[in-house]
J.: 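Dropping the structure in here first, questions after.
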Amino acid sequence: MKVKAELRVLGGNVVTVVVSAWVDAVWDLEFTERKPLDDAVEEELMARGDKAFRKLYHSLLTHAAEHQQHIWAILGENRVSVKSLVAVLSFFVLTGKSKSANVQQRVSALHAASVYLLLLGIPGSIANKVFHEVLLDTCSNLTSHCWPQDSGKKRKKDVVKCSQAEGKRSKPTRKGTAEMDVVEADEEEEDEEELHFSGQDLEKIRAAVALLVQSLLRLLQTFPLRDRPQSTSSCTELLYFEPVVGELTFAAEQDIAKLRSVPEMAFYGLQLLCSPKHGDQRESLRKVFHRLLYVILMMNKANRGRPTLLMPSQAVLSIRNQAINFICHTVTELKELALPLLHVLLQHICFQMVEKSEYRSHGARAVGMLTSQMTSTDYARFLKWLYSFSRHSKMVCRLFSVDVVMVLLEQEERKPEDCQDLELAVFLPHKFLIQSLLFARRMDESPTVQGHALASLAQCLELSALNVTRAVHNLFSTIYNANWTVSDSLGFQQTQKTYRTLPFRTVEISHSDSFICEGEMKLNHVNLLCCVGTVQTETDSNSCVVYAAKENVSLLLRRVKDSKTNIRKSALVGLLKHNVIPVSWENLAVVSERCRDQAVSVKKKALQCMGDLLATKPDSPVVQKAWLQGVVPAVVDSENSVQDKALEALDQVLLRHVKMYSASHHLDASQRLTWELLGLLCHDCQNLSQYFSRAFTIWSKQNKFTLSFITNLISHTEADHAAGAWLLLSKVVTSSPRLPYGKILDAWDRMDVSVTTCCHIMSVIGDIAAHLNEDSKSMIIVDLMSWLKSFTLSLELISAAVETLYLLGCSEDIKQTQAFLNQHCGELVSVCEAYLASIILNEKGAENLNEDLMIKHLHTLGVASLHCPAKVGKRTVLLVESVLTTHSDKLDELPASLPLSQFKSNSLPTRVRANGVITLGKLCLQHEDLVQKYLPVFARELEVGTEVAVRNNVVVIMCDLCVRYTNIVDHYIPNISACLRDDKPIIREQTLIMLVNLLQEEFVKWKGSLFFRFMVTLVDPVPAIASLCEYCLVHLLLKKNPEMFSQHFIECIFHFNSYSNHKSYNKFPQTEHEKVRFSLKGAQNREKRFRIYRFLLENFTDTQRFNTTNKINQTILACFADEELPLDTDGAEILSETFNILSLKEMKLQAMSAPADTPAGEEPEEDNMATMAKAVLQAAQKKVVSQVQKKVFIENTVPLIISLKNLLERKHSPVLRDLTAYLQVTMQEYRTEVKEFFSGDEQLAAEVEFALKTAEKEKEMMEQMENCTLKGDPKPPPAQVRNQHALQHVQTVQTSCSSPTGRSPEQRLRAGLRTPVVQYLYFIQMGTEVKLFRLMLKKSVHTVTHRIFCLCLVIHVNVIVPEL
């Protein structure tokens, strides 16, 4: 027989006779380790190689197909022991399994395993004792050992060891067993490092692997593998063996010989494993789905251990898609049997998803494909589970639920009538997905989830499904629609807790794992009122829906201002673009303001959002204005990328569409938009002029304005939109090499346009003045002087005309230029002086006063005098002064030492007087003697003046004078800064802006009380002023002086409490009026003071916090401990406030706190190496900082605390309570080391330990009360039990307070009983009246919130204290 011949090829009698002793040893070892053969036998077997195995395999395969029952008889007739044959096969298998095996050994091992699996599949294999569990598992998993995992990596060339060169194996030297094992292990490690496989080697191994897999498939067709999960694992590992070309087909019966790719064979193997012959079909499906779960999640999951992520390469994604198709095919074929397991698979995909966005995206797509195989009832059941899953306490679960919802919304909406269970039908509409799963996450605790939900909500509007967009619009619509309702009480009562490594069964979400925030509960309560039916009439329903819609809009606009960057960025996307939120100026202004956000990414997103909105609604004036207000200021942003984005937007919208104008052609939409925007810049948005000019300064350096552009621009100066053309021309004229001056002069001749346009034309004339001939100049000068002396121009035009006059008279000769200005501007000064004299010196001049004409004369006098100071005489100055005071014929005798308001008031209106101040200030700019004379007058006016406009202008003038006469005005900075507490908000805001400008340019220094007055502005009653002050301090001034806050912090404590007994602090000069004006002393201002302290501390570095803490110990605590500062009423307030400051969480070092970018409920991504490295670094830093802080605290702070504690006890000071509270906060991190810290004062250590325990119990009680619900789930403990615990606590305190101190036992006990309920129980036990406890509640708890909490606690124990 051929089979017999092949057995002889393997060694003839060697198999049947020689190795009988060795065979018994191999079977005794249970095939768990390789038993060495005799050298000669081993060498002979290895020499025969894999060719013999291939021949034997094909002979067995052919004969088994024809005469399956005769194989075992033939083996017996030829005296071939099956036991020996299996042992020899195992020898080759275990040899090839080694990491150091060469190509020949690996190929032989794979062929030997194929022969074994083929034998095992022949009927009678079990009876002939071929089957062995360990050997079967080894053969099934052999591919993972024989295929080189690092075949694509390069080895070191200097130690390359080619496996083909080892045709024969050298004889090993006999050694002791232990020594041999060590040497072999070392050799295996070295071989693993040195082995190199060529392409030909890999081809051989791949062919052997394919043969093994085919053998496994043949085995699965005939041999039942009940309870063999290793087979499922082996098949799934083969899925990644090689890429698959094209789509696979999953037919029920396939020819194994025609399967070419290994993954295709693996899928067929999984299909065979799901057949009934391999045991319980449901259990088989469960195992297969469980293994494919990690294929879908793109994870590598060994039999044990946690799964690891795979790189989402094309091959991995391809196998993942094939796995999904295989599951879909299986569900289609097996239907009711597979659907429950499909539910489990979907739940595990959701629950085991990682946070990385790429994996979440692919996972959500997989969920969408798999749910498409479900019936409507099963789909609704899954959505019900997803609803509960979307409220899980883990952030990644809530995040992934949003991704799943977005995928499901892309599918066709299922009809509720297709659902057999009416209770589940409410889950099918897309409206449920949007409102109850997606939009519900807008109140999520995690900023990441919030931002993702808001961004996804905007993406819904891009979907083509009309019902999806309608559902989003309904969230913000005021039109009532009650066709669909969903109760917010949906949920589950399961109790199983889930973990990262899960058994493959239904994932249950318990209440302890659920998460819902207070804001979400509030808004959902509104939805319930609208939907469930608690409203009585249709009018009530409409009102409720309108209220809910307004709340949603308000919430979304608040999210645009959220403190978290990604939430602000996500809230901007698309909602205005699609008319979801009304396009009103109020809403647009909120988005436009984000273009000046602190975060660069938010600014860029806001710019993009405004650009998209403008492209969608180019004809809306409100959108146009909002776009300008957002984009134009961004050209001066501190971030270059934001500048570039804003400049690109302006270039694309405003410059690229300037084309040659023709009256016979209509402007297209883009051109109309350009000129409408430029028109807004000329009129409603003139405040953006400086930012717009900055853009042209940048563009001019890029040579952006060509001659053709200028020509096209000038052609528009005759159109209806000429104002915008002149605006652009005024910006580009200075950077243009050549201009058609004739056309510009023609426009000058026919100039009869608006004030703004005239200003732009004059600006153009002034810029081209150097290129005009003398005749043209003379003509323009005559026109200008004629207009100026007619006093018909507006104030803006007067300034522009005088500036143009100056540019026309400029020349290289300075004397000639000054002579020109003295001539023309001096003439204007004379005309104005004559007019003022006619009004002021005439007794009846003020009776028929033209107010506007008077203001124009004053304004002309001011701007003209700046160019000809020599033409301004004493009479002119006195006339202007007389505008502010009473008129007199004796101008020389007018006193100037008194404030303006102290002069005899005249009959001139306030507007005239306010303009008179500006003019007087301009006169002072050119004459230092006038500055010396009028500064005291201005300062006094700020203090006692009553006219708002006059005082406002005085502030402006004094700050302008500070730039030119810094040393003189410096003495009056306290007078200016005093206006930060003015009664009028406009003066406070103006003063703040002017002082910030001076501080930025360093014309003013942080001297005296200036810093503390800025701090008081932080708590201004007008929120806009307080916000502006905060922005200026942090983003403008702190950058110039990073130590500014820490240098002044300690002095803030003394200054705001008006404490001056310290030898070093709060010693700068102040008047009593100023002290009262800026004082924040007293309990009524405590919240304001601590708002300032928190603001300062939030902007400290850890170094500054550490140094400030030490400095507080040295300069405050030490002074009180040494009794340098008296512990009187004021001193006690300072010491109490100091302890409260030291207890603030902002005082804690950030290195000791949790990372700011990991909000509560969020878990760091463990597989992200950068995140892990950062976490390790933070942990090391925290440990070092903790040790340093601990050492400093023990050496410097603890002695002071002990001294102060003894002092406070001697004086019976109430500050002792604040000291204990400070220790309670500080010692939270050193709970186990209290006795070590306070080894010098055992009583203090005991009190601190007691305070810590009391705080824990109060926290537990608070949590219990928060967990109490109207449903009674979870149930609170009985009142008697709680009160019994409290009474035990009283007894514990009585025992701990029995040590002798300066106070009576009752006093010490009362001081130790911090909890109001415990105090009450003590009073009850002592027989104290209930009235006393009520009085204690009223007196000892200072804030309303604390009193309410105490009363709630009292109600909580009302079982035994019903009298309350």
Side-chain angles (χ1 to χ4, degrees), residues 560-561 565-566 568-577 583 585 587-618 620-658 670-705 709 713 724 727-732 734-735 1028 1031-1032 1035-1036 1039:
V560 178
K561 300 179 180 179
T565 299
N566 59 335
R568 298 198 303 274
K569 184 168 62 174
S570 301
L572 294 170
V573 181
L575 297 176
L576 287 167
K577 176 181 176 182
V583 184
W585 172 248
N587 296 340
L588 288 171
V590 174
V591 181
S592 180
E593 185 183 353
R594 291 304 101 202
C595 295
R596 296 175 291 279
D597 196 272
Q598 299 177 10
V600 175
S601 59
V602 177
K603 287 187 280 193
K604 291 182 178 179
K605 180 61 72 174
L607 290 172
Q608 178 185 344
C609 180
M610 295 306 300
D612 293 343
L613 187 61
L614 183 66
T616 306
K617 303 178 181 299
S620 171
V622 182
V623 173
Q624 293 173 359
K625 183 177 179 181
W627 184 83
L628 289 172
Q629 294 288 351
V631 175
V632 176
V635 300
V636 296
D637 194 88
S638 58
E639 180 65 31
N640 291 334
S641 59
V642 178
Q643 284 187 23
D644 296 339
K645 195 173 185 67
L647 290 170
E648 176 63 24
L650 290 172
D651 180 26
Q652 186 175 1
V653 176
L654 296 182
L655 299 187
R656 295 183 185 179
H657 300 292
V658 176
S670 300
Q671 289 177 308
R672 272 200 314 274
L673 176 61
T674 296
W675 297 112
E676 287 172 358
L677 290 171
L678 290 172
L680 284 173
L681 286 171
C682 292
H683 299 96
D684 297 342
C685 300
Q686 294 184 45
N687 59 318
L688 303 176
S689 177
Q690 291 184 349
Y691 306 114
F692 199 47
S693 300
R694 173 63 178 168
F696 284 90
T697 303
I698 298 173
W699 283 331
S700 63
K701 299 177 182 178
Q702 303 171 357
N703 298 323
K704 210 172 192 66
F705 310 117
F709 175 82
L713 187 57
L727 169 62
L728 281 184
L729 199 58
S730 67
K731 306 297 182 183
V732 305
T734 55
S735 57
L1028 175 62
Y1031 173 83
C1032 293
H1035 298 283
L1036 300 179
K1039 292 181 179 180

J.: Picking from Leu678, Leu681, Thr674, what satisfies side chain to side chain contact (heavy atoms under 4.5 Å, CB included) with Leu728?
T.: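 Looking at Leu678, Leu681, Thr674, the match for Leu728 under the side chain to side chain contact (heavy atoms under 4.5 Å, CB included) is Leu678.
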J.: Around atom OH of Tyr691, are there more than 12 heavy atoms of other residues, nucleotides or ligands at under 6.0 Å?
T.: no
J.: Do you know which two heavy atoms are closest between Ala626 and Leu588, and how far apart they sit?
T.: CB-CB, 3.7 Å
J.: Evaluate the ring planes of Phe705 and Trp699, with Trp represented by its six-membered ring, and classify them as parallel (under 30°), tilted (30 to 60°) or perpendicular (over 60°).
T.: perpendicular
J.: State, to 0.1 Å, how close Ser641 and Val600 come at their nearest heavy-atom pair, and which atoms those are.
T.: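 The pair with the smallest heavy-atom distance is OG-CG1, 4.0 Å.
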J.: Between the side chain of His657 and the main-chain N/O of Gln652, is any donor-acceptor distance below 3.5 Å?
T.: yes
J.: So does Gln686 get a backbone contact from the side chain of Ser689, meaning a donor-acceptor N/O pair under 3.5 Å?
T.: no
J.: Working to the nearest 0.5 Å, report the span between CG of Leu727 and CG of Leu680.
T.: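 The CG atom of Leu680 is 11.0 Å from CG of Leu727, to the nearest 0.5 Å.
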J.: Kindly give the heavy-atom pair with the smallest separation between Ala695 and Val635, and that separation in Å.
T.: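 Here Ala695 and Val635 meet closest at CB-CG1, 4.2 Å.
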J.: Take a 6.0 Å sphere around CD of Gln690 and say whether it holds more than 12 heavy atoms from other residues, nucleotides or ligands.
T.: no
J.: Mind checking ring pair (Phe, Tyr, Trp, His ring centres under 6.0 Å) for Trp675 and listing every partner two or more places apart, or none if nothing turns up?
T.: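 Partners of Trp675 by the ring pair (Phe, Tyr, Trp, His ring centres under 6.0 Å) criterion, ordered by chain and then number, come out as His716, His721.
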J.: Minimum heavy-atom separation for Leu729 to Leu713, with atom names?
T.: N-CD2, 3.6 Å
J.: Does Gln624 reach the main-chain N or O of Leu614 with its side chain, forming a donor-acceptor pair under 3.5 Å?
T.: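 No; judged by distance alone, with no hydrogens or angles, the pair does not exist.
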J.: Report yes if the side chains of Leu650 and Leu655 come closer than 4.5 Å at any heavy-atom pair, otherwise no.
T.: no
J.: Quick one: pull up CZ in Phe692 and OG in Ser730 and give me the separation to the nearest 0.5 Å.
T.: 8.5 Å
J.: Salt bridge check, Lys625 against Asp684: does any charged N sit closer than 4.0 Å to a carboxylate O?
T.: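 Lys625 and Asp684: not salt-bridged.
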J.: Flag the pair Gln629 / Trp585 as yes when at least one side-chain heavy-atom distance between them is below 4.5 Å, and no otherwise.
T.: yes
J.: Strictly below 4.0 Å, N to O, side chains only: are Asp637 and Lys645 in salt-bridge contact?
T.: no
J.: Between Lys605 and Arg594, is any pair of side-chain heavy atoms under 4.5 Å apart?
T.: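 No, too far: nothing below the 4.5 Å cut-off.
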J.: Just wondering, do Leu673 and Trp627 contact through their side chains at under 4.5 Å, heavy atoms?
T.: no
J.: Quick one: closest heavy-atom pair of Ala634 and Ala646, and the distance?
T.: CB-CB, 3.6 Å
J.: Over all heavy atoms of both residues, which pair between Ser693 and Lys731 is shortest? Give the atoms and the distance, please.
T.: OG-NZ, 2.7 Å
